[in-house]
Amino acid sequence: MREGQEATFSSGQERWIELRNDEGFIAQYGGWSEGNVAIIIGFWKSTQSYNRFDHDAIYLKTNQQGSIESIDVQLEETDVRDIEQYAKSWMLEQHSKVNERWTITTENLEELI
């Protein structure tokens with residue numbers, strides 16, 4: 001995160017709600033970790049769904065461009081039964097807790113699990 005840009009990034013992250021409109025999206029959780037690092041975990045139906053989604057379009061709409069110093073994306077396929085619990089546990093492992101304002105889930109999250 002660029003120094004002093006936490007509020008800009010956070011405000012932009014809250015506007016990623018548009019993810020709900022993508023049929024391949026399931027949920028996203030995020031928060032702040034040590035060292036002023038934003039941590040985000042997202043869940044998609046498949047790698048193909050994730051790759052098909054135009055992340056740059058939302059990124060540009062949220063005006064986060066000046067707030068991000070670097071980004072590291074890791075993809076992993078796993079079978080998760082309780083997405084919320086998995087996300088919260090993962091966030092704790094990253095020395096972070098879930099920022100509810102960054103949480104985005106589909107309306108029918110329970111049906112997708």
Side-chain angles (χ1 to χ4, degrees):
M1 186 65 41
R2 292 193 193 279
E3 187 79 29
Q5 293 296 314
E6 297 87 351
T8 300
F9 178 84
S10 189
S11 173
Q13 197 59 41
E14 292 170 25
R15 295 184 10 227
W16 278 74
I17 195 78
E18 199 172 311
L19 282 169
R20 280 187 177 167
N21 300 326
D22 190 278
E23 72 178 60
F25 174 76
I26 298 173
Q28 174 179 289
Y29 300 83
W32 294 107
S33 186
E34 297 170 351
N36 199 28
V37 175
I39 303 290
I40 298 167
I41 184 170
F43 299 87
W44 294 79
K45 289 182 183 177
S46 67
T47 303
Q48 293 79 12
S49 296
Y50 173 81
N51 289 335
R52 186 179 60 244
F53 181 71
D54 186 0
H55 290 81
D56 290 343
I58 293 180
Y59 167 73
L60 292 172
K61 287 181 189 177
T62 62
N63 295 321
Q64 291 177 303
Q65 302 90 313
S67 66
I68 298 173
E69 188 172 305
S70 66
I71 186 170
D72 180 24
V73 176
Q74 298 174 13
L75 298 178
E76 176 182 320
E77 289 190 33
T78 188
D79 185 15
V80 176
R81 297 289 174 208
D82 185 340
I83 287 176
E84 183 175 9
Q85 183 57 43
Y86 183 92
K88 287 180 178 181
S89 294
W90 185 85
M91 293 291 290
L92 284 174
E93 290 173 12
Q94 309 308 309
H95 307 285
S96 180
K97 64 180 182 176
V98 172
N99 178 334
E100 295 299 330
R101 297 184 74 170
W102 294 7
T103 299
I104 304 166
T105 60
T106 57
E107 305 254 338
N108 58 348
L109 178 60
E110 297 303 318
E111 295 172 21
L112 296 171
I113 301 172

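Basis for what follows: all heavy atoms, side chains included, without hydrogens, waters or symmetry-related copies.
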>> How long is the straight-line distance from CD1 of Ile41 back to CE of Met91, given to the nearest 0.5 Å?
In response: 8.0 Å

>> Test of understanding: with side chain to side chain contact (heavy atoms under 4.5 Å, CB included), list the residues that count as partners of Ser46, not counting sequence neighbours.
In response: Gln48, Ser49

> Between Gln64 and Thr62, is a side-chain hydrogen bond (donor to acceptor under 3.5 Å, both in side chains) present by the stated rule, with each step listed?
Replying inline: CA-CA 5 Å; Gln64 291 177 303; Thr62 62; 3.0 Å; yes

> Just one of Tyr29, Trp32, Trp90 clears the side-chain contact (heavy atoms from CB on, under 4.5 Å) bar with Ile39, so which one?
Replying inline: Trp90

> Taking the six-membered ring for Trp, are Trp44 and His55 parallel (under 30°), tilted (30 to 60°) or perpendicular (over 60°)?
Replying inline: tilted

>> For the CD1 atom of Ile26 and the OH atom of Tyr50, what is their distance to the nearest 0.5 Å?
In response: 14.0 Å

>> Would you compute the distance between atom CG of Asp22 and atom CD1 of Ile58 and round it to the nearest 0.5 angstrom?
In response: 8.0 Å

> How long is the span from the CD1 atom in Ile40 to the CD1 atom in Ile104, to the nearest 0.5 Å?
Replying inline: 8.5 Å

> Considering residues at least two apart in sequence or located in another chain, which fulfil the side chain to side chain contact (heavy atoms under 4.5 Å, CB included) criterion with Leu92?
Replying inline: none

> Which residues satisfy the side-chain hydrogen bond (donor to acceptor under 3.5 Å, both in side chains) test with Lys61, sequence neighbours excluded?
Replying inline: Glu18

> Do Glu14 and Trp102 have side chains that get closer than 4.5 Å, going by heavy atoms?
Replying inline: yes

> Nearest heavy-atom pair of Tyr59 and Gln65: which atoms, and what distance?
Replying inline: OH-CA, 3.0 Å

>> Counting C-beta onward and ignoring hydrogens, is there a side-chain heavy-atom pair between Val98 and Glu84 closer than 4.5 Å?
In response: no

> Between Asp72 and Gln74, what is the shortest heavy-atom contact and its length?
Replying inline: OD2-NE2, 3.4 Å

>> If you count heavy atoms of other groups shown closer than 6.0 angstrom to CZ of Arg15, is the number above 12?
In response: yes

>> Other residues, nucleotides and ligands only: do more than 12 of their heavy atoms fall within 6.0 Å of CD on Glu100?
In response: yes

> What's the spacing between Phe43 CZ and Thr105 OG1 if we round to 0.5 Å?
Replying inline: 11.5 Å

>> If I take atom OG1 from residue Thr47 and atom CZ from residue Arg52, how far apart are they, to the nearest 0.5 angstrom?
In response: 11.5 Å

> What pair of heavy atoms forms the shortest contact from Gly31 to Ser96, and how long is it?
Replying inline: C-OG, 3.5 Å

> With distance as the sole criterion, is a donor-acceptor pair present between the side chains of Glu93 and Ser89 under 3.5 Å?
Replying inline: no

